[in-house]
Asker: 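Got a structure for you, written out below as structure tokens; questions coming shortly.
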Amino acid sequence: MAKENQTLPAFLLLGFSDLRALKGLLFWVVLLVYLVTLLGNSVIILLTQTSPALHSPMYFFLCHLSVVELLYTTHILPRTLVDLASLHPRTISFQGCAAQMYIFIVLGISECCLLTAMAYDRYAAICQPLHYPSLMNWRACVAMVGTSWLMGIITATTHSSLIFTLPFLSHPIIPHFLCDILPVLRLASAGKHRSEISVMTATVVFIMIPFSLIVTSYARILSTILATASTQSRRKIFSTFSSHLLVIFLFFGTASITYIRPREGSAVTTDRVLSLFYTVITPMLNPITYTLRNKEVAGALRHKVKTQVSSP
């Protein structure tokens, strides 16, 4: 490792220190979103684990997605809230920054893969109903979830190893609220080329390709539904799937723009705003969009509440 890195310099996270007038408002907004995210995803995990009616591949994937979202937000937002409540920017150790990035990548890549698996599950259920039991048996579902986590771990290990063995300045400053890949990579004083290629490759493999597969799956689903369903059913299903696609576009769209934009064309404020979408907004929206109009989940929730109320 280069001489600059031998002392393992601490990173200064600027966060939202340049928005002093808005820090108070941002604190309460982020806190509210965090609490809603915790509640929504915790309820999904509880229901899918305890309600026999929800023991199916669709809810198996949804449960794991909620686990990822809980870990994702809990890993990032508590520190962000502390930073928003502080008068001055806070530092994060070299090891802490590396750990934050590692976990951030593991969870981010896992979510991309899980969303793809969920889209394929819906495609198989609607477009291949006769083959669905064999296509989405429990062994296949466990393999998909395991592969999602494995891809996250492999990608995180690769990126972290490449980035945190680079030489950094003695007092690196990150104009962001977390140790994201690009803000940290820009602080390296040399040897960034391999890491930049690695980031671009991962963006194509784990963001652009999954996004294309998800859109293709939903297009096939909508085509099948439009050909067979009644007008009333079409409206209801289109409304449901449009909300799913909106969240997917927010997550994959903002992530793609973040990691594909040229380094010269990126602005600090734009980076932070885009990051807020895939680290704060979509984890809150996912449990809402996937369960808001779901009769099975609503029924399981009513049954759980009645059971708790009637129990002595």
Asker: Less than 4.5 Å apart, side chain to side chain, heavy atoms only: is that true for Leu38 and Leu70?
Answerer: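 Side chain of Leu38 against side chain of Leu70, heavy atoms only: contact under 4.5 Å found.
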Asker: If the condition is side-chain contact (heavy atoms from CB on, under 4.5 Å), which residues does Ser51 pass it with, not counting sequence neighbours?
Answerer: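 side-chain contact (heavy atoms from CB on, under 4.5 Å) list for Ser51, sorted by chain: Leu47, Leu54, Ala300.
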Asker: With sequence neighbours excluded, tell me which residues meet side-chain contact (heavy atoms from CB on, under 4.5 Å) with Cys97.
Answerer: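 With sequence neighbours excluded, Cys97 shows a side-chain contact (heavy atoms from CB on, under 4.5 Å) to Phe11, Ile92, Phe164, Ile174, Cys179, Val184, given in chain and number order.
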Asker: Could you check whether any side-chain N or O of Asn41 sits under 3.5 Å from a backbone N or O of Thr37, counting only pairs where one atom can act as donor and the other as acceptor?
Answerer: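 Between the backbone of Thr37 and the side chain of Asn41 there is a qualifying donor-acceptor contact (under 3.5 Å).
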Asker: Distance check, rounded to the nearest 0.5 Å: Ile163 atom CD1 versus Leu182 atom CG?
Answerer: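 Reported to 0.5 Å precision, the distance equals 8.0 Å.
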Asker: Residues sharing Ile173's hydrophobic cluster, by side-chain heavy-atom contacts under 4.5 Å among ILVMFWY, directly or via others?
Answerer: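 Leu12, Leu14, which link up through side-chain heavy atoms under 4.5 Å apart, make up the rest of the cluster.
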Asker: Within a strict 4.5 Å, meaning less than it, do heavy atoms of the Ser198 and Thr158 side chains meet?
Answerer: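 Yes - at least one pair of side-chain heavy atoms lies under 4.5 Å apart.
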Asker: If only atom types and distance count, is the side chain of Thr282 paired as donor or acceptor with the main-chain N or O of Phe277 below 3.5 Å?
Answerer: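 Indeed, once roles are kept as given, a pair shorter than 3.5 Å links the two residues.
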Asker: Cluster question for you: counting only ILVMFWY and a side-chain heavy-atom cut-off of under 4.5 Å, with indirect links fine, are Ile126 and Leu130 together?
Answerer: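 Hydrophobic grouping puts Ile126 apart from Leu130.
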Asker: So if you build clusters from Ile, Leu, Val, Met, Phe, Trp, Tyr with side-chain heavy-atom gaps below 4.5 Å, do Leu222 and Leu213 land together?
Answerer: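 Hydrophobic grouping puts Leu222 apart from Leu213.
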Asker: Looking only at heavy atoms, what is the nearest atom pair of Cys141 and Phe61, with distance?
Answerer: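 Closest approach of Cys141 to Phe61: O-CE2, 3.9 Å.
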Asker: For atom CZ of Arg90, is the number of surrounding heavy atoms from other residues, nucleotides or ligands below 6.0 Å larger than 12?
Answerer: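 Yes, enclosed.
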Asker: First locate atom OG of Ser66, then atom CD of Gln49, and finally report the distance between them rounded to the nearest 0.5 Å.
Answerer: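 Nearest 0.5 Å value for the OG-CD distance: 10.5 Å.
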Asker: So which atom in Ser110 and which in Val106 form the shortest heavy-atom distance, rounded to 0.1 Å?
Answerer: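 Scanning both residues, the minimum pair turns out to be OG-O, 2.7 Å.
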Asker: Asn137 side chain to Arg139 main-chain N or O, any donor-acceptor pair under 3.5 Å?
Answerer: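 Checked: pair present.
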Asker: SG of Cys63 to CE of Met58: how many Å apart, nearest 0.5 Å?
Answerer: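 Spacing of SG (Cys63) from CE (Met58) equals 13.0 Å.
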Asker: Does any pair with a residue in residues 200-219 pass ring-ring contact (aromatic ring centres under 6.0 Å, His included), and if so which ones, sequence neighbours excluded?
Answerer: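 Residue pairs passing ring-ring contact (aromatic ring centres under 6.0 Å, His included), neighbours aside: Phe211-Phe249, Phe211-Phe252, Tyr218-Phe241.
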Asker: Side chains of Ser86 and Val82, heavy atoms from C-beta outward: is any pair under 4.5 Å?
Answerer: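 Yes, at least one pair of side-chain atoms sits under 4.5 Å.
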Asker: With no hydrogens and no angle check, is any side-chain donor or acceptor of Ser42 less than 3.5 Å from a backbone partner on Leu39?
Answerer: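 Answer holds: no.
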Asker: Quick check: do Leu13 and Phe177 have side-chain heavy atoms less than 4.5 Å from each other?
Answerer: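 A side-chain contact under 4.5 Å is absent here.
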Asker: Are Leu185 and Leu166 close enough that some pair of their side-chain heavy atoms sits under 4.5 Å apart?
Answerer: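 The answer is yes; the side chains approach within 4.5 Å.
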Asker: Which residues pass the side-chain contact (heavy atoms from CB on, under 4.5 Å) test with His88, not counting sequence neighbours?
Answerer: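 If we apply the side-chain contact (heavy atoms from CB on, under 4.5 Å) test to His88, skipping adjacent residues, the hits are Arg20.
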Asker: Less than 3.5 Å apart, any donor N or O on the side chain of Tyr259 or Ser256 sitting next to an acceptor on the other?
Answerer: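 No, Ser256 and Tyr259 have no side-chain donor paired with an acceptor closer than 3.5 Å.
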Asker: Would you name the heavy atoms of His159 and Ala202 that are closest together and state the gap between them?
Answerer: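 Nearest heavy atoms, His159 then Ala202: NE2-CB, 3.4 Å.
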Asker: Between Tyr34 and Thr80, do the side chains contain an N or O donor and an N or O acceptor separated by less than 3.5 Å?
Answerer: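 No - no donor-acceptor pair under 3.5 Å links their side chains.
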Asker: Suppose the criterion is ring-ring contact (aromatic ring centres under 6.0 Å, His included): which pairs have a residue in residues 103-137, not counting sequence neighbours?
Answerer: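 Passing the test, one end in residues 103-137: Tyr72-Phe104.
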Asker: Are the side chains of Tyr102 and Thr157 in touch, meaning some heavy atoms are under 4.5 Å apart?
Answerer: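 Yes - at least one pair of side-chain heavy atoms lies under 4.5 Å apart.
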Asker: Check Thr74, Val67, Val68 against Leu71 for a side-chain contact (heavy atoms from CB on, under 4.5 Å) and give me the one that passes.
Answerer: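 The single option meeting the side-chain contact (heavy atoms from CB on, under 4.5 Å) with Leu71 is Val67.
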Asker: Could you walk me through whether His64 and Phe60 satisfy the ring-ring contact (aromatic ring centres under 6.0 Å, His included) test, starting with their C-alpha distance in whole Å, then the side-chain angles of each, then the deciding distance to 0.1 Å, before giving a yes or no?
Answerer: CA-CA 7 Å; His64 280 273; Phe60 177 72; 4.8 Å; yes
Asker: For a 4.5 angstrom cut-off between non-hydrogen side-chain atoms, does Met101 reach Asp180?
Answerer: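 No. Closest side-chain heavy atoms not under 4.5 Å.
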Asker: Under a 4.5 Å side-chain heavy-atom rule over Ile, Leu, Val, Met, Phe, Trp and Tyr, are Val204 and Met151 clustered together?
Answerer: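 No: no chain of side-chain contacts under 4.5 Å links Val204 to Met151.
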Asker: Atom CD1 in Ile214, atom CD1 in Ile248: separation rounded to 0.5 Å?
Answerer: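 Here the rounded value is 5.0 Å.
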Asker: Test Ser217 against Arg122 for side chain to side chain contact (heavy atoms under 4.5 Å, CB included), laying out the working first.
Answerer: CA-CA 8 Å; Ser217 297; Arg122 292 299 82 206; over 6 Å; no
Asker: Report the C-alpha separation of Thr73 and Thr279 in whole Å, then their side-chain angles, then the decisive distance to 0.1 Å, and conclude whether the side chain to side chain contact (heavy atoms under 4.5 Å, CB included) test is met.
Answerer: CA-CA 7 Å; Thr73 53; Thr279 61; over 6 Å; no
Asker: With a 4.5 Å limit on heavy-atom distance, are the side chains of Glu111 and Glu69 in contact?
Answerer: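 In short, these two side chains touch, coming nearer than 4.5 Å.
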Asker: Tell me the closest heavy-atom pair linking Pro287 and Ile44, and the distance in Å.
Answerer: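 Minimum heavy-atom separation between Pro287 and Ile44: CB-CD1, 3.2 Å.
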Asker: For residues Ala119 and Ile221, report the shortest heavy-atom separation together with the two atoms involved.
Answerer: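 Scanning both residues completely, I find the closest heavy atoms to be O-CD1, 4.3 Å.
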Asker: Would you say Leu35 ends up clustered with Leu26 if hydrophobic residues are merged whenever their side chains have heavy atoms under 4.5 Å apart, either directly or through other cluster members?
Answerer: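 Linked within one cluster.
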Asker: Is Ile197 reachable from Met200 through a run of I, L, V, M, F, W or Y residues, each pair having side-chain heavy atoms under 4.5 Å apart?
Answerer: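 Looking at the clustering, Ile197 is in a separate group from Met200.
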Asker: Rounded to the nearest 0.5 Å, what's the gap from OG1 on Thr147 to CD1 on Ile154? Could you check?
Answerer: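 Rounded to the nearest 0.5 Å, the OG1-CD1 separation comes to 9.5 Å.
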Asker: Considering non-hydrogen atoms only, spot the tightest contact between Thr48 and His55 and give its length.
Answerer: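 It is O-CD2, 3.2 Å.
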Asker: If I take atom CG from residue Asp83 and atom CG from residue Leu178, how far apart are they, to the nearest 0.5 angstrom?
Answerer: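 If we round to the nearest 0.5 Å, Asp83:CG and Leu178:CG are 10.5 Å apart.
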Asker: With distance as the sole test, does Thr289 use its side chain to make a donor-acceptor pair with the main-chain N or O of Asn286 at under 3.5 Å?
Answerer: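 Looks like yes, one N/O pair under 3.5 Å.
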Asker: With a 6.0 Å cut-off (strictly less than), is the heavy-atom count around CE of Met208, excluding the residue itself, greater than 12?
Answerer: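 It does not: Met208 CE has 12 such atoms or fewer within range.
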Asker: Any donor and acceptor pair, going by atom type alone, linking the side chain of Thr50 with main-chain N or O of Leu46 inside 3.5 Å?
Answerer: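 Flag set: sc Thr50 to bb Leu46 pair under 3.5 Å.
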